[in-house]
Structure formats: C-alpha cells, structure tokens
Amino acid sequence: MSPGRSVLLAAMQRKRIKEVLAAEEPLGEVRVQGWVRTRRDSKTFSFLEINDGSSLGSLQAVYDASRPGYPEHLPLLQTGASVEITGTVVRSQGKGQSWELQVQTLQVLGSAPETYPLQKKRHTREFLREIAHLRPRSNLFGAVFRIRSRLSYAIHQFFQERGFVHVHTPIITASDCEGAGEMFRVTTLEGNAFSAPGAETRDFFGKRAFLTVSGQLEGETFACAFSNIYTFGPTFRAENSNTARHAAEFWMIEPEMAFCDLIGDMEVAESLIQYLIRDAMDHSSEDLAFCDEFVDRGLLERLRLIAGQPFARISYTDAIEILLRSGRSFEYPVVWGHHLQTEHERFLSEEHAKGPVTIFDYPASIKPFYMRQNEDGRTVAAMDLLVPGIGEIIGGSQREERLDRLTGAMSAQGLSESDYWWYLDLRRYGTVPHAGFGLGFERLVMLVTGVENIRDVIPFPRTPRNADF
RNA sequence: UCCGGCAUAGCUCAGCGGUAGAGCGGGUGGCUGUUAACCACUAGGUCGUAGGUUCGAAUCCUACUGCCGGAGCCA
C-alpha cells in the first residue's frame, strides 16, 4: 500500500515529544507532530506548546516571525490545532524547560476555530464528560488514560510472569442466573416478535441471552485444566446504579487458581494490588505526580503506604465485634448475618485498619451458592478487599468443590441443577480445591490516580441514561 | 430506584420580585524570551423546558428533563 509507505517513512523520522523532553544531550534536527496546547506571541516570534500524548509535558516550539509562512500560519495556530514541525532541539533560553524546538518548517494539519471547547484554563470534570471525545487532550485525562494503559499492561505482566493462562471468556451468555446483578438482554427480535409467546425459541440463540456479569464460572472450567488462569474483559450490569463507583459497562480482572484455598486467594489479591501500585510508581511517575498535585494531595504517600505493608485481615465475625465495640453510632445497625454497609466498610478500612483490609469468612446466607462452606456450618470462604475512599475493590472466594455441598447450596437458593450441568461436571470429574476473585479495573484506576468518579477513568462511560459517543 | 442539591454568556460563577453582570475564554490593537503571560478595547445570553402566581418573574410555586452529591446494589 503506497500511502502506508510514506506514513512509515514519516514515522521513522518522527520523534515523540516524551523522547525529546527526556534527552540527555542535544538531539539536533527532529520532526514532531502533535496538537497546540497554547500559544504566546511576541513581536518577532511565537511560543507554541506542542503535545502529542506521549507524555504530560509539552514541547515548547519557538516559531520565528521571519520564517516563510508565519503570517499565514499564525491565525490557524490556536489551541487545539494539529501541526507537524521540523526544527532543531536546543537548550532553552527561558526558565521552565530544558529543551525547546527552534522551528524550521511548520505545517498546520488542522486548525481549531474558536469553538474548540477546551480552553487554556481548568475545566470541571462534569463539563469534560460532555466532551468525552476531546477530554483525552486535557492534562488530567491524558494522565489518567496513560496510567490506565500502563496498569492494563502490568496486569498481564503480573499474571504471565507467574504462569497464568489468559482466557477470553464469553461476552454473551445464555445462563440467565450467573449470580448477582441485573443483566442486559441480547436479542435480534423486534417489535411484536419480542413479546410473542415462546419468543425465546425463535431468538438468535434459541433461548434467552444476556451480556455477561462475570466470567467466573467459565473461568473455573479453564482453571480446572490449566491450574492458574485469568480473564480481563468487559462486564455488564444493568442495575440502575447512580453512584461515582458504578458503571453499566466496566472491565474486570478475574483470576482463578486450582489447588488453591482462601488464604492463597488473599495472597494473590494482595500481591497483585501491591505489584500494580509499584509498577505505576515506577513507570507512570510523571502522571502520578500530576494526580498528586491536582487531583488528590497525599495520593503518592497513600500509594507508598499501601504498597509497602501487608494488608490487614479481619474475619467478618471479628469485624462485627470491632464495629460493635467502636462506640460509633451507625445509621444502619451492626448485626451478624447482615451485609456490611458502606459506612461500616469505610470505618473498617479508613479508621480501624487505616489502609486496605481484607474481610473474610462471611455468613453463607448473604453470599452466592458457589462459595465454599466452612466447617462452622454458617460461614463461607469469601473475602472482600476494602480500600480507603473506594470501598470494595476485590471480591472473591474459595469455590465449593464438593458436589453434594454445591448442589445442596443450589437447591437452598432455588437454582436448577440442569442449568449448571457443565459447572457441576467440574465437581464430578477430577474436582480440586480452587479459588479466585474479581478485581474491578476502573476501581483500581481510581485507587491509583485518586480520581473519585468512575466516569472519569473509563474512556466513554456507560451509566443509566448515558451511552453517548 | 430513594433522599438532598443545582440548572444564568463558550467555561466558572454572582444576581434572588422591577425584563442581566464579573472573571476566564474568543476577536482587535499594543507590549514583553514567554510559560495559568501582561495591558487596552470589543463581541457574546428569548436566565434548562412547560405551566402557574403577580401590574411585573432569572428571582416565588408546580411538573418535567438533565446534572451533581449521598444511599441501596456491587467490581
């Protein structure tokens, strides 16, 4: 493809701005491409801040008024315009940057008229959400999405280094009782055909189908073949949740380990979180420093704390005792057998543990059927990892590997064995103790960046009444 | 879904019964190795939508819509 060839040649000569800014010695002549962040004019030249997304920092280009084309270019070089520049990288005469680019030739690829909504001033996150297609060009969202990308890479690295097999579990599922959560219906039926009697049998899959709320059950099947596996994919919940922590479409990491119990599960969860935080501090330090300064002062200190010490572990029963003895009056009563409320979880992580805390061994009555029943006859081997400010970031359990116990729990919760025949087969043929958990990827990005709304850590958030872009 | 709050120029907000203002951004001019640049001038709004109260509504009332915060559900 001939156009591809010229693009490739151009790409070979192009320097990313991150490289230019990090140079140890003069780079000489380079070509950069990017977007104008801001312009400051002098009588005889202009300063252009050029950003190409490779880093938070922009490159200052000095455009001399005597250069051919300057008078025609100037009115086009507004905030947001795209440019290609060749020039010489020299030590900056001014303060604030080590290097700057002396423009030799400049080409305006696309101007940005005054209707360009991103101004050179701070914008609210709410406004930026309305221009989700342009917000990645802002400092904050540039930092957030570079960090998100790096975290995604580090997740694969963590598991691959430890011999975990990555499994692509299905997005569309036909088991309409995967567990908790309202599900989105997937159908090709329209109008009257949708509501007609027996419609499901004439639908695409010949039965009701949904978007997945978890890859766990399928993940277990692969764990019972490869020993250690993980999934990392989109997940869908149709709940009408309107909070800063919930989205209808989000990404989840779900490792599943055969020959593993709840203790091993908690250990993997802790080392994963600590590994990811350390990786971000090592490889996204500039973006994190920006978040520390403009989003959440104290972020870096908190991340260092989380990465540097073992997480507290408290059994649910002990947690109830701690809450009861705290002397605090909670809006919701603290009762063994009830769910921990947000206010309870916040107390445990923010005030009692002052850091991440894993709560384990929950009452069986408030947990799904697949969790392993403990010998006390009333709790299951479940665990939730709570972090300050966000709450639950990981939920997991050891799975019930004993067929009779599993079918017993299913009938107690009114589930039909025939719907889960393949899941039960795992217990019929070569069953093993196994455990796993789900890590909400966006909640992880929130933890690492300090950004407090899930809508600001996912490129195009889907929430009730919002599926624009 | 429930509770509370908000909706005024491109953005952030003030005005809270007598029919609109600031800062920033935009435009024009000036100035300076500038860097949230600076100085001067200038153009932008049927005050979310629909009703109602009133001589008169951005301002009071009702409904609706949207957004924000908290809660539930959870990752």
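Throughout, a chain's letter reflects where its sequence line sits, starting with A, and its residues are numbered from 1. Fair warning: this is a prediction, and the values are worked out from it, not measured in the lab.
Across all strands, A/Leu444 comes closer than 4.0 Å to no nucleic acid atom at all (heavy-atom distances). Contact annotation for A/Gly94: base contact, defined as any heavy-atom pair under 4.0 Å involving a base atom. If you check every strand for non-hydrogen atoms under 4.0 Å, A/Gln341 touches sugar and phosphate atoms only. Residue A/Asn453 is in sugar-phosphate contact alone, with no base atom involved, counting any heavy-atom pair closer than 4.0 Å across all strands shown. Nucleic acid contact class of A/Thr115 (heavy atoms, under 4.0 Å, all strands): none. Residue contacts shown for A/Tyr332 are limited to sugar-phosphate atoms, with no base heavy atom under 4.0 Å away.
A donor-acceptor contact under 3.5 angstrom links the side-chain atoms of A/Glu100 to the base of B/G33. Side-chain atoms of A/Arg125 and base atoms of B/C68 include no donor and acceptor less than 3.5 Å apart. On a pure distance criterion of 3.5 Å, no polar donor-acceptor pair joins the side chain of A/Gln119 and the base of B/U12. Counting atom types as modelled, A/Ser241 pairs no side-chain N or O with a base atom of B/C74 as donor and acceptor under 3.5 Å. Within 3.5 Å, a donor on the side chain of A/Gln60 pairs with an acceptor on the base of B/U34, or the reverse. Evaluation of atom-type donor-acceptor distances gives a pair under 3.5 Å for the side chain of A/Gln93 against the base of B/G33. Looking at A/His123, its side chain has no donor and acceptor atom pair within 3.5 Å of the base of B/C11.
Where A/Arg455 and A/Glu114 each meet RNA chain B at their nearest nucleotide, the meeting point lying more 5' is that of A/Glu114. Place A/Glu452 and A/Ile390 on RNA chain B by their nearest nucleotides, and A/Glu452 ends up nearer the 5' end.
OP1 and OP2 of B/A75 both lie 4.0 Å or more from every side-chain N or O belonging to A/Arg443. Taking side-chain N and O atoms only, A/Lys43 has a distance below 4.0 Å to OP1 or OP2 of B/C31. Using a 4.0 Å cut-off, some side-chain N or O of A/Thr342 falls inside it from OP1 or OP2 of B/G72.
In this structure, A/Phe250 forms an aromatic stack with the base of B/A75, since both conditions hold: centre separation below 5.5 Å and plane angle below 30°.
Comparing the P positions of B/A37 and B/U46 gives a spacing of 30 Å, expressed to the nearest Å. B/G25 and B/U62 have their C1' atoms separated by 37 Å, with the value rounded to a whole Å. For the P atoms, the distance from B/C11 to B/U53 is 33 Å, rounded to whole Å. With C1' as the reference atom, B/U19 and B/A36 are 37 Å apart, rounded to whole Å. Taking atom C1' in both B/C47 and B/A20, the straight-line distance is 8 Å, to the nearest Å. Separation of the P atoms belonging to B/A43 and B/U28 is 15 Å when rounded to the nearest angstrom. Rounded to whole Å, the P atom of B/C31 lies 27 Å from the corresponding atom of B/A22. With both ends at atom P, the span from B/C74 to B/G5 equals 29 Å, rounded to whole Å.
In this structure, A/Arg135 places its CZ atom 17 Å from C1' of B/C11, rounding to the nearest Å. If you take CZ of A/Arg122 and P of B/U12, they are 13 Å apart, rounded to a whole angstrom. Look at CG on A/Asp41: it is 12 Å from P on B/A37, rounded to the nearest Å. Across the protein-nucleic acid pair, A/Ile131 atom CD1 and B/C11 atom P stand 10 Å apart, rounded to whole Å. Here B/G48 presents its P atom at 15 Å from CD of A/Glu130, a figure rounded to the nearest Å. Protein atom CG of A/Asn242 is 19 Å distant from nucleotide atom P of B/C6, rounded to whole Å. For the pair A/Leu118 CG and B/U12 C1', the interatomic distance rounds to 15 Å; values are reported in whole Å. Taking atom CD of A/Gln102 as the reference point, atom P of B/G33 lies 14 Å away to the nearest angstrom.
Note that A/Arg162 lies in the cation-pi zone of A/Phe158, set by a 6.0 Å cut-off to the ring centre and a 45° limit from the axis.
Ring orientation note: the planes of A/Tyr230 and A/His166 are close to parallel, at an angle under 30° on the 30°/60° scale.
Of the candidate nucleotides B/C73, B/G33, B/G72, B/G33 has the atom lying nearest to any side-chain atom of A/Ser42. For A/Thr38, taking side-chain heavy atoms from C-beta onward, the closest of the listed nucleotides B/A37, B/U32, B/U12 is B/A37. In this structure, the nucleotide among B/C31, B/C11, B/A75 sitting nearest to the side chain of A/Phe127 is B/C11. Candidate nucleotides B/U34, B/G25, B/G72 were compared by shortest atom distance to the side chain of A/Thr243, and B/G72 ranks first. Of all nucleotides listed (B/C11, B/G27, B/G33), B/G27 comes nearest to the side chain of A/Gln78. For A/His246, taking side-chain heavy atoms from C-beta onward, the closest of the listed nucleotides B/C68, B/U12, B/C74 is B/C74. Checked against B/U12, B/U34, B/A71, the side chain of A/Arg245 finds its nearest nucleotide in B/A71.
In this structure, the ring of A/Phe45 has its center no less than 6.0 angstrom from the ring center of A/Tyr63.
Within the shown strands, B/U62 is the pairing partner of B/A50 under the Watson-Crick or G-U definition, both distances less than 3.5 Å. Nucleotide B/G56 forms no Watson-Crick or G-U wobble pair with any nucleotide shown, as no partner meets the under 3.5 Å limit on both distances. The nucleotide B/C24 finds its pairing partner in B/G10, both defining distances of the Watson-Crick or G-U wobble pair being shorter than 3.5 Å. Here B/C67 sits opposite B/G5 as a Watson-Crick or G-U wobble pair (both hydrogen-bonding atom distances under 3.5 Å).
Looking at A/Glu442 and A/Arg148, their side chains come closer than 4.5 Å, going by heavy atoms from C-beta outward.
Looking at A/Arg328 and A/Glu343, no side-chain N of the basic residue comes within less than 4.0 Å of a carboxylate O on the acidic one, giving no salt bridge. A salt bridge links A/Arg31 to A/Glu84: one of the charged nitrogens lies within less than 4.0 Å of a carboxylate oxygen.
A/Arg237 contributes no side-chain N or O that, together with a main-chain N or O of A/Met183, makes up a donor-acceptor pair within less than 3.5 Å. A donor-acceptor pair is defined here as one N or O able to donate and one able to accept, closer than 3.5 Å; no such pair exists between the side chain of A/Tyr362 and the backbone of A/Ser315. A side-chain donor-acceptor contact under 3.5 Å links A/Arg16 to the backbone of A/Asp52.
More than 90° away from 0 lies the glycosidic angle of B/G45, which makes this nucleotide anti.
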### Message
Please evaluate residues A/Glu218 and A/Thr169 with respect to the criterion side-chain hydrogen bond (donor to acceptor under 3.5 Å, both in side chains), reporting the C-alpha separation (whole Å), side-chain torsions for both, the decisive distance (0.1 Å), and the verdict.
### Response
CA-CA 6 Å; A/Glu218 289 90 348; A/Thr169 50; 5.7 Å; no

